[in-house]
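Here is the structure we will look at, set down as structure tokens.
Below, read A as the first sequence line, B as the second, and so on, with proteins coming before strands; counting in each chain starts at 1. Side-chain atoms are counted along with the backbone in the values below, which use heavy atoms only and exclude waters and symmetry mates.
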Amino acid sequence: MAAHAFPSATRASAVQASRSRGLLPGEIEHIHWLSKLEPELRERATADLRVASVAPGELLCRVGRQGTFWFGVIDGLLKMSNDSASMAMPITFTGVSRGGWFGEGTLLKNEVYRYNIQALRNSVVAGMPVATFHWLLDRSIGFNRFVMNQLNERLGQFIAAREIDRLTHPDERVARSLAALFHPVLYPGVGDMLRITQQELGYLVGLSRQRVNQALTTLQAAGVIVVAYGGLRVPDLEKLRHYTA
DNA sequence: TCATTAAATTGTT
DNA sequence: AACAATTTAATGA
């Protein structure tokens with residue numbers, strides 16, 4: 001179980017560094033909240049957004065660092081956890097998939113990050129500076145509505161995460177974690193096919209790849225998922241969410 | 001476009 | 001943890 005060794009690169013945040021670039025036209029449509037902004041505000045928002053590639057194992061946020069960016073996943077998969085530094089057992093809060101944005105709670109309170117964000121694979125991540133974040137909060141009704149909704153949905157997800165932790169049956173843990181990744185509001189970019197390897201899912205749920213493979217086979221037999229090479233489909237999210245072994 | 005090869009991912013022990 | 005089988009991605013004719 002201690003073998004969760006990543007090819008551990010631990011460079012500082014990539015988004016602010018010279019490794020970041022501006023937004024590409026094709027990426028704008030993947031940022032759903034932009035369409036909720038008033039047109040005159042959207043201009044600055046898009047101009048201030050930075051995009052960077054992050055390698056597997058790389059950390060975007062570290063516990064205790066001052067919150068400086070609001071992050072969003074353009075493509076790839078991240079893991080939100082509390083692990084390493086602290087005394088407690090490593091706990092994965094959630095995975096963050098395409099279309100997911102996070103860090104708003106930290107920025108709102110002008111606090112330090114309370115979790116680590118680590119890339120599980122090569123990912124493309126967008127970052128909005130804290131100044132722009134507050135600038136939009138002060139001006140845009142649509143943005144406020146989005147952030148509020150985001151906070152609410154994530155609260156629900158964290159409550160669900162606590163329940164997942166209590167589940168002992170691996171198949172059920174995998175089922176619930178997958179259901180969380182298919183959350184249509186938090187991760188609108190996922191679509192019906194989630195790209196995730198069984199190894200990545202193992203890191204996320206805290207199981208071996210072998211056990212994940214076994215769980216996926218069971219879940220497929222139960223008809224709640226369809227396994228494919230390098231990913232899977234969920235025909236009925238509610239059935240997956242309520243799966244019992 | 002097709003065939004070949006390397007790399008990634010899965011299935012199984 | 002190791003290994004074989006399968007699928008995808010990359011390469012060059």
> Nucleotide range of DNA chain B contacted by chain A, 5' to 3', under 4.0 Å to a heavy atom?
Replying inline: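 Here the contact window of chain A covers B:dA8 to B:dT13.
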> Are A:E200 and A:R209 ion-paired here, with the side-chain N under 4.0 Å from a carboxylate O?
Replying inline: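 No, A:E200 and A:R209 are not salt-bridged.
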>> Looking at A:R154 and A:E104, is there a salt bridge between them, counting it only when a charged N and a carboxylate O are closer than 4.0 Å?
In response: yes
> Less than 6.0 Å separating the ring centroids of A:F143 and A:W101?
Replying inline: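 Not close enough - the centres of the two rings lie 6.0 Å or further apart.
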>> Tell me the interatomic distance from A:Q198, atom CD, to C:dA5, atom P, rounded to whole angstroms.
In response: 18 Å
> Which pairs with one or both residues in residues 223-233 of chain A pass salt bridge (Lys or Arg N to Asp or Glu O under 4.0 Å), sequence neighbours excluded?
Replying inline: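 Listed by first then second residue: A:D192-A:R233.
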>> On DNA chain C, does the nearest nucleotide to A:R209 precede the nearest nucleotide to A:R195 from the 5' side, or the other way round? Give the residue.
In response: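 Whichever sits nearer the 5' end wins; that is A:R209.
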> Can you name the closest pair of heavy atoms from A:C61 and A:F71 and give their distance?
Replying inline: SG-CE1, 3.5 Å
